[in-house]
Amino acid sequence: MSSTTTAPVTEDQPLIVGGKTLASRLIVGTGKYKDYEQMQHALDASGASVVTVAVRRERLVDAEGRSMLEFLDTDRYTILPNTAGCFTAEDAVRVAKLGREILDQLDNPGKDWVKLEVLNDKKTLLPDPVGTLEATKELVADGFKVLCYTSDDPVMAAKLKEAGAASVMPAGSPIGSGQGVLNPNAITIILETLKDGDPDYPVILDAGVGTASDVTVAMELGADGVLLNTGIAHASDPITMASAMRHALEAGRLSYKAGRIPKKLYATASSPWDGVISYIPGE
């Protein structure tokens, strides 16, 4: 009788950001859904424990006068307020403080967190490096745990970590573009640079994710997590895509932990050549 055994899976350490342990390495946004009910189901399918909310959107209500916060289980989710739509350091700091006030009233653990975005222009939504660095320094001094959206520039990423960012979050590609990780070499350099002598420093890929394989690529590169929104919310079936993103992240993380084989220019036979009975060209 044959027996079936299951190989042990390497134990993984949890992701810790700003002193908080995250139950999932996937952070998802709450915008762009058809309605709040669809958002709820997608968040549930994603398995995320942290969801990010644009503070300015909190003031908005849907056609029936309902607030988004009424549809977020604040006992289940840590809310990460973000400064989306800010184009100056001053505005970003002001919005971050507003988010802290809102979450303080809800007694949510994300009240001292902020996902910092200081954008340069509306066409590209690329980050303004000067404004981002200024806002990071001011928010860190004010006690915030800053999860900092930035470009894939390794030099800028290092400056943001030096400024005290709790996590640096380089973009895979422009926000909402769905182009995936355009420059894996730059992401790899950022990971090596920020983790040199500090291997647990969290680097989370943020922006550009279009489909599940993009998440896997980011995780296989060694990212500690992925933050995304549009890739789920604007999928034809957001709830199914949220589930796909969840599994893609788990697969990518396992693959990273397992260690991929090195890439080679030429073939390597799966079986040894000893004892072959066929003619081998050149031998």
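None of the values given here were measured: they were computed from a predicted structure. For reference, positions follow the sequence shown, starting with 1.
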Pair up each side-chain donor or acceptor in residues 163-178 with any protein partner under 3.5 Å, not counting sequence neighbours, and list the distances.
| from | atom 1 | to | atom 2 | distance (Å) |
| --- | --- | --- | --- | --- |
| S167 | OG | P202 | O | 2.9 |
| S173 | OG | S177 | OG | 3.3 |
| S173 | OG | G180 | N | 3.4 |
| S173 | OG | G180 | O | 2.7 |
| S173 | OG | G208 | O | 3.4 |
| S177 | OG | P174 | O | 2.7 |
| S177 | OG | Q179 | N | 3.4 |
| S177 | OG | Q179 | NE2 | 3.4 |

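- Screening residues 238-251 for salt bridge (Lys or Arg N to Asp or Glu O under 4.0 Å) gives no qualifying pairs among residues at least two apart or on separate chains.
- Residues passing the salt bridge (Lys or Arg N to Asp or Glu O under 4.0 Å) test with D198, sequence neighbours excluded: K161.
- Checked against side-chain hydrogen bond (donor to acceptor under 3.5 Å, both in side chains), D121 has the following partners two or more places apart in sequence or in another chain: T124.
- For A89, the side chain to side chain contact (heavy atoms under 4.5 Å, CB included) partners two or more places apart in sequence, or in a different chain, are E134, A135.
- Every side chain to side chain contact (heavy atoms under 4.5 Å, CB included) that T193 has, sequence neighbours left out, goes to A158, I189.
- Applying the side chain to side chain contact (heavy atoms under 4.5 Å, CB included) criterion to S236, with sequence neighbours excluded, gives no partner residue.
- Residues in residues 165-183 take part in no salt bridge (Lys or Arg N to Asp or Glu O under 4.0 Å) pair, two or more places apart or across chains.
- The salt bridge (Lys or Arg N to Asp or Glu O under 4.0 Å) search around K20 returns D112, not counting sequence neighbours.
- For the side chain to side chain contact (heavy atoms under 4.5 Å, CB included) test, residues two or more places apart in sequence or in another chain that qualify with D237 are I239, T240.
- For D200, there are no salt bridge (Lys or Arg N to Asp or Glu O under 4.0 Å) partners two or more places apart in sequence or in a different chain.
- Judged as a salt bridge (Lys or Arg N to Asp or Glu O under 4.0 Å), and not counting sequence neighbours, D214 has no contacts.
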